[in-house]
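The structure appears below as structure tokens.
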Number of protein chains: 2
Amino acid sequence: MSSGVVYIVDDDEAIRDALAWLFQSRGVTVETFASAETFLAGWSAQRCGCLVLDIRMDGMTGPELFDRLLDLGSCLPVIFLTGHGDVPMAVSAMKKGARDFIEKPFNDNDLVDKVIEALIWDSARRESDAGAASVAARLDSLTQRERQVMDLVLAGRLNKVIADDLGITMRTVEVHRAHVFEKMGVRTAVELATMLSRTR
Amino acid sequence: MSSGVVYIVDDDEAIRDALAWLFQSRGVTVETFASAETFLAGWSAQRCGCLVLDIRMDGMTGPELFDRLLDLGSCLPVIFLTGHGDVPMAVSAMKKGARDFIEKPFNDNDLVDKVIEALIWDSARRESDAGAASVAARLDSLTQRERQVMDLVLAGRLNKVIADDLGITMRTVEVHRAHVFEKMGVRTAVELATMLSRTR
DNA sequence: GGACCGATTGTGGATTACCGCAATGGTCGC
DNA sequence: GCGACCATTGCGGTAATCCACAATCGGTCC
């Protein structure tokens with residue numbers, strides 16, 4: 001079973017409890033919230049999992065919460081549940097990146113399968129993001145000059161050409177180049193190019 | 001105005017004519033089809049543009065045509081039009097990659113804007129695909145040995161290590177390496193890595 | 001059989017990359 | 001003022017890459 005929690009946001013307590021029971025019976029960790037505002041109050045970018053979100057609620061609606069989360073930079077996968085379908089809203093949500101949009105009544109197993117799939121996806125995305133953050137941090141540690149040299153190295157230029165371009169000696173290019181490789185944790189320009197292309 | 005044609009598929013002649021007139025008045029080239037089968041009979045992967053597709057038609061339906069096109073490997077952007085929304089169908093189409101799903105009645109300018117956007121997108125995608133095809137053709141021209149050497153070069157290995165790995169001399173590695181660079185049209189391993197990462 | 005292609009190898013020389021060791025000058029923070 | 005950091009430079013030497021020229025062998029196709 002993959003890591004992560006299912007966050008259920010629905011103002012109908014019976015629905016919340018039924019869904020909680022359903023997921024727990026499939027071994028999935030659950031947290032429930034009676035309102036979008038409650039969920040939002042405890043929101044953190046570190047939350048791992050999947051959000052199952054009802055459309056219609058008192059106060060902030062499901063789509064409004066979704067928009068708010070997008071504004072906050074959340075990448076948490078979102079599955080909408082709705083009792084009364086509305087095509088423009090469904091299409092809008094999907095275009096904004098919602099994972100799914102499911103009408104009630106739905107098949108229990110279908111929903112849980114989709115949620116588990118979303119949990120797996122979220123887990124993989126977090127892992128990939130962590131790698132990207134590590135590379136970004138290393139890029140941030142480069143000095144301005146090192147960055148300039150790196151860009152020209154990645155453009156395939158010879159050291160002597162880089163020296164001409166920047167108006168410095170080849171030895172200085174070599175020094176910066178070596179610093180770049182050291183800080184980025186690579187030994188060759190190919191490794192560097194490959195590393196950066198994987199985190200674009 | 002971007003290149004490409006709007007293909008309108010709808011069994012209602014009045015709708016077809018009205019849409020044709022609308023797009024022509026905005027300077028967009030149009031072709032109309034009275035049925036999915038008619039469109040499919042003339043289909044080719046070289047078609048550039050955007051497909052505006054009615055959901056309900058006699059014979060093959062819009063979604064059925066969409067599925068058929070996906071099976072054929074079509075990347076043509078598709079915008080669905082429908083008089084009676086159906087959430088599961090809309091969500092399913094969006095998940096399969098439809099560009100939009102619009103209910104009638106719609107705002108004329110909205111539709112044309114969305115179609116023009118899709119034409120621009122299609123044009124950029126074709127350009128990118130052409131580049132990828134060119135690279136793929138060059139990769140196909142490599143001999144088996146050249147391919148082996150290339151993979152190890154891209155792994156950042158020294159020529160002498162590659163020679164050891166493959167049980168050949170360094171000179172032979174150099175020869176294959178040079179052939180790879182020549183066939184791929186690059187001068188350095190970095191250029192090669194970059195080229196390949198852009199077409200993954 | 002002959003032509004062609006791919007894989008392989010060697011020689012010798014030129015170019016490029018890499019780096020230890022050493023040094024200078026400028027800027028910034030304590 | 002002092003230390004840390006950055007940018008820069010030079011010297012000398014080693015390692016790696018690149019390649020013209022030349023050649024052999026085996027497999028495939030006409």
Side-chain angles (χ1 to χ4, degrees), chain A residues 131-200, chain B residues 131-200:
Chain A
S134 166
V135 170
R138 280 182 253 174
L139 283 174
D140 276 351
S141 73
L142 300 181
T143 66
Q144 192 174 21
R145 202 56 154 174
E146 286 165 355
R147 192 60 187 265
Q148 287 174 341
V149 169
M150 183 186 81
D151 290 341
L152 294 171
V153 167
L154 288 173
R157 301 278 175 79
L158 302 183
N159 287 349
K160 70 177 182 180
V161 173
I162 294 171
D164 281 346
D165 287 350
L166 299 180
I168 53 179
T169 66
M170 270 177 55
R171 185 71 189 88
T172 303
V173 172
E174 290 169 4
V175 170
H176 290 313
R177 186 188 177 105
H179 285 164
V180 169
F181 285 6
E182 184 188 351
K183 289 179 178 181
M184 299 308 292
V186 298
R187 292 159 308 152
T188 67
V190 173
E191 268 187 67
L192 181 61
T194 301
M195 169 194 271
L196 293 183
S197 74
R198 285 201 181 125
T199 60
R200 183 154 307 156
Chain B
S134 165
V135 170
R138 280 183 253 173
L139 282 173
D140 277 350
S141 74
L142 300 180
T143 66
Q144 192 173 21
R145 203 58 157 171
E146 286 165 353
R147 191 60 187 263
Q148 288 174 341
V149 170
M150 183 185 81
D151 290 342
L152 294 171
V153 167
L154 289 173
R157 302 277 175 81
L158 301 182
N159 286 348
K160 69 178 182 180
V161 173
I162 295 171
D164 281 347
D165 287 350
L166 300 178
I168 52 179
T169 66
M170 271 176 55
R171 184 72 189 90
T172 302
V173 172
E174 291 169 3
V175 170
H176 291 313
R177 187 189 176 105
H179 285 163
V180 168
F181 285 7
E182 186 188 349
K183 289 181 178 180
M184 298 306 293
V186 298
R187 291 160 309 154
T188 68
V190 174
E191 267 185 67
L192 181 61
T194 302
M195 169 193 271
L196 293 183
S197 73
R198 286 203 181 122
T199 59
R200 182 154 309 154

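Residue numbering restarts at 1 for every chain, and letters A, B, ... go by the order of the sequence lines.
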Legend entry - His176(A) side chain near dT8(D) phosphate (N/O to OP1/OP2, under 4.0 Å): yes
Legend entry - For atom CD1 of Ile162(A) and atom C1' of dT8(D), their distance in whole Å: 16 Å
Inset, instruction - May I ask you to decide if Met184(B)'s main-chain N or O and Arg138(B)'s side chain share a donor-acceptor pair within less than 3.5 Å? - result: yes
Legend entry - Rounded distance (Å) that lies between atom P of dC18(D) and atom CD of Glu191(B): 12 Å
Inset, instruction - Could you check which of dC6(D), dT17(D), dT8(D) has an atom nearest any side-chain atom of Thr143(A)? - result: dC6(D)
Inset, instruction - Select from Gln144(B) and Glu174(B) the residue whose nearest nucleotide in DNA chain C is closer to the 5' end of that strand. - result: Gln144(B)
Legend entry - Rounded interatomic separation in angstrom, taking CE from Met170(A) and P from dG12(D): 16 Å
Inset, instruction - Determine whether any donor atom in the side chain of Arg171(B) lies under 3.5 Å from an acceptor atom in the base of dT8(C), or the reverse, and answer yes or no. - result: no
Legend entry - Separation of atom CZ in Arg187(A) from atom P in dA16(D), rounded to whole Å: 12 Å
Inset, instruction - Select one nucleotide: of dT8(D), dT9(C), dC19(C), the one nearest the side-chain heavy atoms of Ala178(A). - result: dC19(C)
Legend entry - Among dC19(C), dT8(D), dA7(C), the one nearest Arg145(B) by side-chain distance: dA7(C)
Legend entry - Side chain to side chain, Thr172(B) and Arg145(B), heavy atoms closer than 4.5 Å: no
Inset, instruction - Round to a whole Å and report the spacing from CG of Leu142(B) to C1' of dG6(C). - result: 13 Å
Inset, instruction - Round to the nearest Å and state the distance from Glu182(B) atom CD to dC18(D) atom P. - result: 14 Å
Legend entry - Derivation and outcome, side-chain contact (heavy atoms from CB on, under 4.5 Å), residues Leu166(A) and Val149(A): CA-CA 8 Å; Leu166(A) 299 180; Val149(A) 169; 3.8 Å; yes
Inset, instruction - Kindly say if Asn159(A) contacts the phosphate of dT16(C), meaning a side-chain N or O under 4.0 Å from OP1 or OP2. - result: no
Inset, instruction - Check every atom of dT17(D), dT9(C), dA7(D) against the side chain of Glu146(A) and return the nucleotide holding the closest atom. - result: dA7(D)
Inset, instruction - Examine dA7(D): is either OP1 or OP2 under 4.0 Å from a nitrogen or oxygen in the side chain of Thr172(A)? Give yes or no. - result: no
Inset, instruction - For Asp164(A) and dT9(D), give me the distance from atom CG to atom P, rounded to whole Å. - result: 12 Å
Inset, instruction - Hey, which sits more toward the 5' end of DNA chain D by its nearest nucleotide, Leu166(A) or Leu158(B)? - result: Leu166(A)
Legend entry - Any side-chain heavy-atom pair of Arg157(A) and Asp164(A) under 4.5 Å: no
Inset, instruction - Carefully, step by step, assess Arg177(B) and Leu192(B) under the rule side-chain contact (heavy atoms from CB on, under 4.5 Å). - result: CA-CA 11 Å; Arg177(B) 187 189 176 105; Leu192(B) 181 61; over 6 Å; no
Inset, instruction - Can you figure out which of dC18(C), dT8(C), dA16(D) approaches the side chain of Phe181(A) most closely? - result: dC18(C)
Legend entry - Residue closer to the 5' end of DNA chain D, Arg157(B) versus Thr169(A) (nearest nucleotide): Thr169(A)
